[in-house]
Structures are given as structure tokens and as C-alpha cells.
Amino acid sequence: AVMGVQSDGDYRIVSCSYDKTIKVWDLRMATSTNEYSDIWSRWSGTSSTNRIRNGCIGSLEAHSEAVFCVQFDEEKIFSGSADKSAKIFQF
């Protein structure tokens with residue numbers, strides 16, 4: 001289950017999950033058009049889910065338990081986990 005999501009307001013999204021991962025998404029790679037709104041309007045549909053999945057450009061597995069929060073800026077990703085740690089990663 002996805003526990004947290006942050007967007008840069010443009011095309012990059014970082015998510016954290018109960019499966020101990022942090023993922024970086026690029027919406028430009030998630031769709032063949034420039035219309036990102038159709039991803040959100042059809043979020044529950046199978047085709048949209050597949051397109052979002054294809055937009056994953058990186059995955060971090062640095063925590064030993066669920067990752068509950070994530071924030072990022074132009075240089076770093078910050079995360080907090082049930083493993084009682086907070087971590088910082090360079091982009």
C-alpha cells in the first residue's frame with residue numbers, strides 16, 4: 001500500500017510504501033501524450049495503472065520496515081520509516 005506521495009507540481013512524483021520502498025516517478029514517461037490529466041481522471045482504470053507503473057524511473061529499498069513519509073527537493077529525498085529511522089538520499 002502506498003503510504004505517502006509528493007509531487008513537484010510539474011512532472012516528478014516521489015512515493016513511499018508499506019513494502020519498504022521509495023519510488024521516483026516521471027509523468028512524462030507515464031503517458032504517450034502531454035495530457036497528464038487523463039492519468040488522474042482514469043486513476044482507477046487498468047490502463048491508467050499500467051501507464052503510471054511504466055513511469056517509475058527509480059526504486060530505493062533502504063529501510064527495513066514500512067516507509068510512512070517522504071519529502072523531496074531538487075537535490076535530496078527525505079524519508080521516515082517504521083524501522084525508527086529517517087534517511088536522506090541524493091538524487
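We use all heavy atoms of the structure for the numbers below, so side chains are in, but hydrogens, waters and symmetry mates are not. It should be emphasised that the depicted structure is a prediction, and the values quoted were computed from it without experimental measurement.
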Student check: side-chain heavy atoms of [X] and [Y] closer than 4.5 Å:
| X | Y | answer |
| --- | --- | --- |
| E61 | K20 | no |
| S85 | H63 | yes |
| I22 | I77 | yes |
| K76 | F89 | no |
| V24 | F91 | yes |
| F72 | D8 | yes |
| Y11 | M29 | no |

Which pair of non-hydrogen atoms, one from D83 and one from S64, has the smallest distance, and what is that distance? OD2-N, 3.0 Å
Taking all atoms of both residues into account, what is the closest heavy-atom pair of A66 and S81, and its distance?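 Heavy atoms of A66 and S81 come nearest at O-OG, 2.8 Å.
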Using only atom types and a distance under 3.5 Å, with no angle test, would you say the side chain of [X] pairs donor to acceptor with the backbone of [Y]?
| X | Y | value |
| --- | --- | --- |
| K23 | C16 | no |
| Q71 | S79 | no |
| S15 | V5 | no |
| S17 | A1 | yes |

Cluster overlap [X] with [Y], hydrophobic side-chain contacts below 4.5 Å:
| X | Y | result |
| --- | --- | --- |
| I13 | V2 | yes |
| V70 | M3 | no |
| V14 | I57 | yes |

